[in-house]
Amino acid sequence: MTNIFADIRTIVLAALRQVLPDLPDDVAARVEVTGTKDPAHGDMATNAAMVASKSAGRKPADIAAGLVALLQTEPMIETAASAGPGFVNLTLRPDALRAQIPLILAQREAYGESDIGGGVKVCVEYVSANPTGPMHIGHCRGAVVGDALANLMAKAGFAVTKEFYINDAGGQVEALAWAVYWRYLQAIGTGMTEEEYAAVVPGGLQYRGEYLIPVGETLAVVHGDSLAAPGKTSARSELWFATVRDTALTMMLASIREDLDLLGVRFDVFSSEQALFEKHATDAVIERLDQLGLIYQGTLEPPKGKLPDDWEPREQTLFRSTQFGDDVDRPLRKSNGTNTYFANDIAYHADKLDRGFEILIDVLGADHGGYVSRIRAATSALGGQLDVLLCQIVKVLKGGELVRMSKRAGTFITLRDLLDEVGRDAVRFTMLTRKSDAQMDFDVDQAVAQTRENPVFYVQYAHARCRSVLRAAGESMDTTPEALAQASLDSLTDPAETALIRRLASWPRMVEGAAQAREPHRIAFFLYDLAADFHMLWNRGRDDAALRFLQADHQDETSARVALVAATAMVIRSGLSVMGVTPVEEMR
RNA sequence: GCGCCCUUAGCUCAGUCGGAUAGAGCAACAGCCUUCUAAGCUGUGGGUCGGUGGUUCGAUUCCACCAGGGCGCGCCA
């Protein structure tokens, strides 16, 4: 595990303890070593003197002076200087920074891995689309964000499980079965009209999309007319319901998994709501909460403002979520005694805790915003920790126009449409170029553009250029990582080279910060900046032939630069693999 | 009406649990191809960080209130 920031922080902390032997641990924990914005401030800066000032009762400048004196003597540090309100700026010895290159080459794409996760078991739940239809663009962002977050946390040393929760119980599955049964009747050539059929469906016919036609046809092939009443009309639901529902769920889930596969998302675990239902998990968890004194029978206040038309006060089984920061207590059982979705979801989260996960993460759509505080409350009540990432709406733009998505108008964009148009890598990368809780416009034209505007292209281009140099170098030298790690790096002194090395060295710190903040989008921005550093260096070689990577007459310089290029390619690949994007070898 | 999220350059967005002179891309202007990919690079201009207070050595960052945008609001999942 390589992390030069962590190494320097250890050194700074040791020095701080010499200056202040009574340093409290909580103060020590706040000591940071960060990169600098301004090269004039050196390579790194630490806030150590400032954070320790208050508890030590000494001026920051005073402590900083003590630190500077000690840090000056460190072999990795060339100069230390106090500055501003009490920063200590550090300039590393050039060879200390360059020494990161062989370390990167030795670790390859594993570079950036960290142990801050400490092997803590984390369950990241995402997508969890209802198995009632194909995946649409609304699911896409959550799928990509969740998948990248899971990868990111795994890289940071958490023991991550990727999980998909199948909502295969409840009203919408019933509605699905009725919708599929209609497609079945059509497939066997029923004489009923859609209106006649809809009239017998409890709650009305939903899910009228054509994607259910193949399910009906499959049922017709397997079961012939046997699921219908004589005359090919609708039979009593007891006769066909379970068969139709199970076939529909199986086929819908298969289709979702196919879509996920195309997106490059693979889950470790698919959890079934129905399975929990059969174990009576919800009743069990309500019992558990009851024993904690968190359940009561009561009547909720009507919601403020606009009332539902049929509002009337009714007594329900309620959970005291207000004790855990929610605004109102929430119903677990409906007035007819059946469990609410919330209750079932508590059972599911309890199930995850029972499986030994210490941190639960749910990636949800923004339309679940109002749901967050109650499910977090429930998880806290059960002694767990739940982090929620809300993914805001994605608007799709094409030709500068907003592409309207409406199920009613039948113009909803499926995930597959988007993948066909833009490609998996561009979809994944673009979805990670915004903070997940910020609204996003997905510009289809930009995602396929081959210019710097398009971060996917820009990063891929940098990687392709690296590979191009390595291919060319490979004709006259050994470009295996093992061989390059032996190169003498003393010639890497150009500011553009140093900037690139500094960026590479900050990758492990970036991974840790992004994982702790649960912000996978930071990886995309890091790679973009890294690509910019590399493109700049590349073009320096255009202006000044002496800065080109391959120097026919200077073997040492060439190997040093090729080693740098190889390390750059590895870090790009390391980052892309977190994002689930495939690096390209060449642009075409 | 209540709750949650958001507001940073003309546009789209970064900004590392509070840190030094707030950064990119696009758009505008001025440059760089006998060369490992010019699908790129360099430079210039552009900001009361939505507003007003507060917390402290220090606030784009934390808190309160206000304005604007989005999402939701008992027996849907």
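Quick note: numbers below take in every heavy atom, side chains included, and nothing from hydrogens, waters or symmetry partners. So you know, we letter chains A, B, ... as the sequences are listed, proteins then strands, and number each from 1.
Using C1' as the reference atom, B/C62 and B/G18 are 8 Å apart when rounded to the nearest Å. A gap of 15 Å separates the P atoms of B/A9 and B/G15, to the nearest Å. For the P atom pair drawn from B/C65 and B/C4, the interatomic distance equals 10 Å after rounding to whole Å. Taking the P atom of each, B/G53 and B/U16 are spaced 25 Å apart, rounded to whole Å. The C1' atoms of B/A28 and B/U35 are separated by 30 Å, rounded to the nearest whole Å. Atom name C1', nucleotides B/C76 and B/A67: the rounded distance is 34 Å, in whole Å.
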Strictly under 3.5 Å: I want the nitrogen or oxygen pairs between protein and nucleotides 7-12 of chain B, one per line.
residue, atom, partner, partner atom, Å
B/U12, O2', A/R434, NH2, 2.6

Dump every N/O contact between nucleotides 67-72 of chain B and the protein below 3.5 Å, one line per pair.
residue, atom, partner, partner atom, Å
B/C71, O2', A/A366, O, 2.9

Tabulate protein N/O versus nucleotide N/O from nucleotides 20-28 of chain B, keeping only pairs under 3.5 Å, one per line.
residue, atom, partner, partner atom, Å
B/A20, OP2, A/K37, NZ, 2.6
B/A20, N6, A/N89, OD1, 2.6
B/A20, N1, A/N89, OD1, 3.1
B/A20, N1, A/N89, ND2, 3.1

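Rounding to whole angstrom units, CD of residue A/E519 and C1' of B/C6 are separated by 14 Å. For the pair A/D543 CG and B/G40 C1', the interatomic distance rounds to 11 Å; values are reported in whole Å. Rounded to whole angstrom, the span from the CG atom of A/L364 across to the C1' atom of B/C4 amounts to 13 Å. For A/L176 and B/A77, the CG to P distance is 15 Å, given to the nearest whole Å.
Note on residues 43-55 of chain A: pairs passing salt bridge (Lys or Arg N to Asp or Glu O under 4.0 Å), not counting sequence neighbours, are A/D43-A/R502.
Checking A/E32 against A/A472, the closest nucleotide of RNA chain B that is more toward the 5' end is the one next to A/E32. When each of A/L300 and A/G513 is assigned the nucleotide of RNA chain B bearing its nearest heavy atom, the one mapping closer to the 5' terminus is A/G513.
Using a 4.5 Å cut-off on side-chain heavy atoms (C-beta onward), A/L332 and A/N339 make no contact. Looking only at side-chain heavy atoms (C-beta outward), A/I572 and A/P583 stay at 4.5 Å or farther from each other. Under the 4.5 Å side-chain criterion, counting only non-hydrogen atoms from C-beta, A/V388 is in contact with A/L390.
Each of B/U37, B/C32, B/C36 was ranked by its minimum atom distance to the side chain of A/E586; first place goes to B/U37. Between B/G74, B/C41, B/A77, one nucleotide has an atom nearer to the side chain of A/E273 than all others, and that is B/A77. The side chain of A/F457 sits closest to B/G40 out of B/G40, B/A14, B/U16.
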Side-chain donor-acceptor distances from residues 166-174 of chain A under 3.5 Å, at least two apart:
residue, atom, partner, partner atom, Å
A/N167, ND2, A/E273, OE1, 3.2
A/D168, OD1, A/S272, OG, 3.3
A/D168, OD1, A/E273, N, 3.1
A/D168, OD1, A/Q274, N, 2.6
A/D168, OD2, A/S272, OG, 2.7
A/Q172, NE2, A/N167, O, 2.9

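For the ring-ring contact (aromatic ring centres under 6.0 Å, His included) test, no residue two or more places apart in sequence or in another chain qualifies with A/W538. Annotation: ring-ring contact (aromatic ring centres under 6.0 Å, His included) contacts of A/Y341 (sequence neighbours excluded): none. The salt bridge (Lys or Arg N to Asp or Glu O under 4.0 Å) search around A/R561 returns A/E497, A/E557, not counting sequence neighbours. With sequence neighbours excluded, the residues forming a salt bridge (Lys or Arg N to Asp or Glu O under 4.0 Å) with A/D25 are A/R17, listed by chain and number. Listed by chain and number, the residues in a salt bridge (Lys or Arg N to Asp or Glu O under 4.0 Å) with A/R540 are A/D494 (sequence neighbours excluded).
In this structure, A/R330 is not positioned above the aromatic face of A/F342 in the sense of NZ or CZ being under 6.0 Å from the six-membered ring centre and within 45° of the axis. Note that A/R374 lies outside the cation-pi zone of A/F319, set by a 6.0 Å cut-off to the ring centre and a 45° limit from the axis.
Within the 4.0 angstrom heavy-atom criterion, only backbone atoms of the sugar-phosphate kind lie near A/N130; the bases stay farther away. Residue contacts for A/L390: at a heavy-atom cut-off of 4.0 Å it reaches no nucleic acid atom on any strand shown.
Checked against the 6.0 Å centroid criterion, the rings of A/F429 and A/F442 do not qualify as a close aromatic pair.
Pairing analysis of RNA chain B (Watson-Crick: purine N1 to pyrimidine N3 plus N6-O4 or O6-N4; G-U wobble: N1-O2 and O6-N3; both under 3.5 Å) yields stems of 3 or more pairs at B:1-7 with B:67-73, B:10-13 with B:23-26, B:28-32 with B:40-44, B:50-54 with B:62-66.
Checked by atom type and distance alone, the side chain of A/N336 pairs as donor or acceptor with a backbone atom of A/T338 at under 3.5 Å.
OP1 or OP2 of B/G15 lies within a sub-4.0 Å distance of a side-chain N or O belonging to A/H521.
Note: A/Y165 and A/Y348 have parallel aromatic rings, judged against thresholds of 30 and 60 degrees for the angle between ring planes.
Within residues 327-347 of chain A, the residues having any heavy atom under 4.0 Å from RNA chain B are, by residue number, A/D327, A/P331, A/K334, A/S335, A/Y341.
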